[in-house]
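First comes the structure, then the notes that go with it.
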Amino acid sequence: MSSESHAEKLAALGPVMLDVVGASLSADDIRRIRHPLTGGVILFTRNYQDRAQLTALTAAIHAERPGILIAVDHEGGRVQRFRTDGFTRLPAMRLLGQQWDRDVLGAVETATALGFVLASELRACGVDLSFTPVLDLDYGDSSVIGERAFHRDPRVVTLLAKSLNHGLALAGMANCGKHFPGHGYVHGDSHSSLPVDDRSLAQIMEEDIKPYDWLGMSLAAVMPAHVIYSKVDKHSAGFSKKWLTILREEVGFNGVVFSDDLSMEAAGSAGGVLDGAKAALAAGCDVVLICNSPDKADQLLAGLDAVDSSATSCARLAALVPQTAAMDWETLQTDARYLAARSLVQALL
């Protein structure tokens, strides 16, 4: 690839990540993917029938918009979008934390293996990024986080996440820590309500933010929580210039900041989807997500202006696109590292 064409791809990525309706692209999907403000596509379970169909879908998306980032929520446990036709069943992150309590080095090894298996299988099907790892602390009371968290101790969360990120990187995939500054303390689910965390800034900085700080340059992207931290700011974290300034200036994070889904109930605090997107970008997000609402995606693409995005944000997003070729599925099934890693992961279940 020439440096000029690479620069063109950087410039082509806009600040919106949206989804597609079904298992193949419709004319409306293609129109939205080709829109200059679109920079990514997020896939869901409804977009998956089998590996051949998924691979064809991702190839079609990449053909319509070369350089676009294709992502998915594929963590393990109850959040794993693709589960059949050869995809390895991935354990919930809490099981890695429990392994840590029995065998620290064994848990580190398994976490790396899990990241490698997760990323290798997705990349073999044309998916570029999984929104993982969850860096929320396991306070034991969150309805939406629960077993998705590694552990209560931020030190354990950090080291297991760093090992998982290493596994992702070995397969050529970046990572995305979530949900900044921490979603584990509140009980409510931001998909259906707007949770409020009433702890002080000092309490949150002392524990929940530590993994983001300690992971340092090994963290490629971050997704803020749709949670209001009432003693810090009236806006939820993804719409909060204060929180995103803390992330950039105090934590020193230089990667991509994704908003959480603007169609979620908790995002409604910022007004309509266009107001929400503008608020998120103004607060410091690089990319806004709009999911499960094609009509709202159209509103967003029609209403946002190119000036709402920056060259810096485009370059950050482009840096998440894999830079190495992926193994195809058949080759992967004979790869010694993959087979050994899969055995470790399956032993945890």
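Please read all numbers here as calculations on a predicted model, not as lab measurements. Numbers here are sequence positions counted from 1.
Atom NZ of residue K162 and atom CG of residue L164 lie 13.5 Å apart, to the nearest 0.5 angstrom. To the nearest 0.5 Å, atoms CD (Q53) and CG (D85) are separated by 10.0 Å. Atoms CG and SG, from L219 and C176 in turn, are 7.5 Å apart once rounded to the nearest 0.5 Å. Atom CD of Q99 sits about 10.0 Å away from atom CG of D101, to the nearest 0.5 Å. The CZ atom of R32 lies 14.0 Å from the CZ atom of R65; values are rounded to the nearest 0.5 Å. The OG1 atom of T45 lies 9.5 Å from the CG atom of D73; values are rounded to the nearest 0.5 Å.
In this structure a side-chain-to-backbone donor-acceptor pair under 3.5 Å is present from Y229 to G182. With T38 contributing its side chain and R34 its backbone, the two residues share no donor-acceptor pair below 3.5 Å. Without hydrogens or angle criteria, S163 side chain to T112 main chain gives no donor-acceptor distance under 3.5 Å. D286 contributes a side-chain N or O that, together with a main-chain N or O of V257, makes up a donor-acceptor pair within less than 3.5 Å. With D19 contributing its side chain and N292 its backbone, the two residues share a donor-acceptor pair below 3.5 Å. A donor-acceptor pair under 3.5 Å is formed between the side chain of R123 and the backbone N or O of A171. Counting only distance, with no hydrogens or angles, the side chain of R342 and the backbone of Q333 share no donor-acceptor pair below 3.5 Å. Counting only distance, with no hydrogens or angles, the side chain of S263 and the backbone of I290 share no donor-acceptor pair below 3.5 Å. Formation of a donor-acceptor pair under 3.5 Å by the Q80 side chain with backbone atoms of T88 is found in this model. Within the 3.5 Å criterion, the main-chain N or O of H179 finds a donor-acceptor partner in the side chain of D136.
Inter-residue side-chain proximity for S293 and V273 is flagged as unmet; no heavy-atom pair is nearer than 4.5 Å. Taking 4.5 Å as the limit, some side-chain heavy atom of R148 sits within range of a side-chain heavy atom of I145. Between V79 and V134, every side-chain heavy-atom pair lies at or beyond the 4.5 Å cut-off. Side-chain contact between E250 and I209: absent, with no pair of heavy atoms (C-beta onward) separated by less than 4.5 Å. Taking the side chain as every heavy atom from C-beta outward, Q299 and L274 never approach each other to under 4.5 Å. L281 places a side-chain heavy atom less than 4.5 Å from the side chain of L304. No side-chain heavy atom of F116 sits under 4.5 Å from any side-chain heavy atom of H166. Within the 4.5 Å cutoff, the side chain of Y212 has no heavy atoms near those of the P181 side chain.
Taking each heavy atom of A124 and L332 in turn, the nearest pair found is CB-CD2, 4.3 Å. In terms of heavy-atom proximity, P133 sits nearest to N165 at CD-OD1, 3.3 Å. When all heavy atoms are compared, the tightest approach of A277 to L300 is CB-CD1, 3.1 Å. When all heavy atoms are compared, the tightest approach of A221 to L320 is CB-CD1, 4.2 Å. Across all non-hydrogen atoms, the minimal contact from S236 to I228 is N-CG1, 3.7 Å. Considering all non-hydrogen atoms of both residues, Y338 and S120 come closest at CD1-CB, 4.4 Å.
Heavy atoms from other residues, nucleotides or ligands lying under 6.0 Å from CZ of R89 number 12 at most. Around atom NE2 of H62, more than 12 heavy atoms belonging to other residues, nucleotides or ligands sit under 6.0 Å away.
Just one residue in the list Y48, F44, F82 forms a ring pair (Phe, Tyr, Trp, His ring centres under 6.0 Å) with H74, and that residue is F82. Under the side chain to side chain contact (heavy atoms under 4.5 Å, CB included) test applied with E75, the options L90, T132, L114 reduce to a single match, T132.
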Item to check | Candidate pair L13 and L69, rule side chain to side chain contact (heavy atoms under 4.5 Å, CB included), full reasoning | outcome: CA-CA 9 Å; L13 296 182; L69 185 77; 5.8 Å; no
Checklist entry - Run the side chain to side chain contact (heavy atoms under 4.5 Å, CB included) check on T110 and W100 step by step: do they pass? => result CA-CA 10 Å; T110 304; W100 173 284; over 6 Å; no
Next on the checklist: If you apply the rule side chain to side chain contact (heavy atoms under 4.5 Å, CB included), what do you find for V21 with D28, and how did you get there?
Outcome noted: CA-CA 9 Å; V21 173; D28 282 335; over 6 Å; no
Checklist entry - Would L122 and F87 count as a side chain to side chain contact (heavy atoms under 4.5 Å, CB included) if you check the C-alpha gap in whole Å, the side-chain angles of each, and the deciding distance to 0.1 Å? => result CA-CA 9 Å; L122 288 178; F87 272 97; 4.1 Å; yes
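Look at K178 and D260 and you find no salt bridge, because none of the NZ, NE, NH1 or NH2 atoms lies under 4.0 Å from a carboxylate O.
Checked against the 6.0 Å centroid threshold, F239 and H226 count as a close aromatic pair. Taking the centre of each ring, F131 and F258 come in below the 6.0 Å mark.
Sorted by first then second residue, the salt bridge (charged side-chain N to carboxylate O under 4.0 Å, His left out) pairs that include residues 206-235, not counting sequence neighbours, are R152-E207, R199-D208.
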